[in-house]
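Note sheet for the following structure.
This is a predicted model, so every value here is computed, not measured. We count ligands from 1, going down the list as the structure has it; atoms in each ligand are counted the same way.
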Amino acid sequence: MGYDLSALKQKALLIRKEILELTHDAGCGHPGGSLSAVELLVALYDCKLRHDPKNPSWSDRDMVIISKGHVTPVVYSVLANAGYFSKDEYKLYRKLGGILQGHVTKKTPGVEFNTGSLGHGLSAANGLALGGRLLKKDQKFYCLMGDGEIQEGSVWEAAMSGAQFKLDNVCAIVDYNKVQENGLTNEIKNLEPLKAKWESFGWYAVEINGHNFDEVIKAYSDFGKVNKGKPYVIIANTIKGKGVSFMELNKSWHGKAPNDEQLAAAMKELN
Ligand SMILES: Cc1ncc(C[n+]2csc(CCOP(=O)(O)OP(=O)(O)O)c2C)c(N)n1
């Protein structure tokens, strides 16, 4: 899979700035878990996904389910930069009547499934993947989840189903940023040993640094090649709030917007 690393890094920087601007301008939103997922989504949309932003309902497209549906700043920025809709829509982010709601909905071109209530996306991805198989389509189905989210039992029911039905067209991505809404994930409900846990549920698991484009792209590139008969999970070690020092690993930036001064400080740091 050929790619231009410096262009990807530039894109990631732009997305980080837009995450901060979107939340600042709306006065609310979720910057922490958006900043941790930047490289995961940029690499997916730019290097791996079979999609057509001008024709979001193309019947042969790969599908991405954003199961951690609160991270709309990163999702909307990635989709707008891919060409799904105009950045003019940013003005109506989190406003009634706009297409960019606070949690992902199918009002937004490029969004496949409404979420916000955590723990449902993997089941949706499984169902879509079974449908794709029945229709004999060569589609792939991705599902982005948070580490706090996967403490939910419904995720592990879906994990069992994925293995039972041998859904090797499903790729789960765990944004393992170590922090959930109220504290450190492994202090609230320890996930370790996480890779072994997915493997014991019958998945092909890889663990990577989710901010390193080379590792992220290699993980996507291996999906579909190495996991015959098994669903595939990428456990991506990331940092909540990545790129803005005062937000990094700080639970208070889970769901809070930067004010004018904080935005200026964050932009200065990113620049
Ligand atoms: C079923 C459900 N319970 C609780 C919430 C409230 N909630 C929103 S985000 C969040 C924390 C999620 O943590 P994590 O999955 O680690 O997300 P990230 O750190 O990647 O933002 C919680 C508890 C919810 N949206 N859905």
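- The closest protein non-hydrogen atom to atom 13 (O) of ligand 1 is Gln180 CB, 3.6 Å.
- Protein heavy atom in closest approach to atom 19 (O) of ligand 1: Lys240 NZ, 2.6 Å.
- Close to ligand 1: Gly116, with a non-hydrogen atom less than 4.0 angstrom away.
- Distances below 4.0 Å separate heavy atoms of Ser117 from the following atoms of ligand 1: 1 (C), 26 (N).
- Of the listed options Asp147, Thr185, Thr115, Asp147 places a heavy atom closest to atom 16 (O) of ligand 1.
- Of all protein heavy atoms, the one closest to atom 8 (C) of ligand 1 is Leu118 CD1, 4.0 Å.
- Side chain to side chain, Lys17 and Asn271 meet the donor-acceptor criterion of an N or O pair below 3.5 Å.
- No N or O atom of Glu152 sits closer than 3.5 Å to an N or O atom of ligand 1.
- For Gln180 and Glu149, the side-chain atoms include no donor-acceptor pair closer than 3.5 Å.
- Polar contact check, Asn177 against ligand 1: a nitrogen or oxygen pair lies under 3.5 Å apart.
- In summary, the aromatic rings of Phe113 and His120 are positioned with their centroids too far apart to meet the 6.0 Å limit.
- The N/O atoms of Val179, backbone and side chain alike, include one that comes under 3.5 Å of an N/O atom in ligand 1.
- Between the side chains of Asp260 and His24, at least one donor N or O sits under 3.5 Å from an acceptor N or O.
- Defined by atom type and a distance below 3.5 Å, a donor-acceptor pair is missing between the side-chain atoms of Asn177 and Lys242.
- Two rings, from Phe223 and Tyr142, have their centers less than 6.0 Å apart.
- Taking the six-membered ring where tryptophan is involved, the planes of Trp156 and Trp198 are tilted, since the angle between them lies from 30° to 60°.
- For the pair Asp62 (side chain) and Leu49 (backbone), a donor-acceptor distance under 3.5 Å is absent.
- Ring geometry for His103 against His30 counts as perpendicular: the plane angle is over 60°, on a 0 to 90° scale with 30° as the lower cut.
- Scanning all protein heavy atoms for the shortest distance to atom 20 (O) of ligand 1 gives Lys68 NZ, 2.7 Å.
- Counting only heavy atoms of the protein, atom 14 (P) of ligand 1 lies nearest to Gly148 N, 3.5 Å.
- Of the candidates His254, Lys178, Glu181, His70, Glu181 brings a heavy atom nearest to atom 23 (C) of ligand 1.
- Polar contact check, Asp175 against ligand 1: no nitrogen or oxygen pair lies under 3.5 Å apart.
- Summary of contacts: the protein heavy atom closest to atom 15 (O) of ligand 1 is Glu149 N, 2.8 Å.
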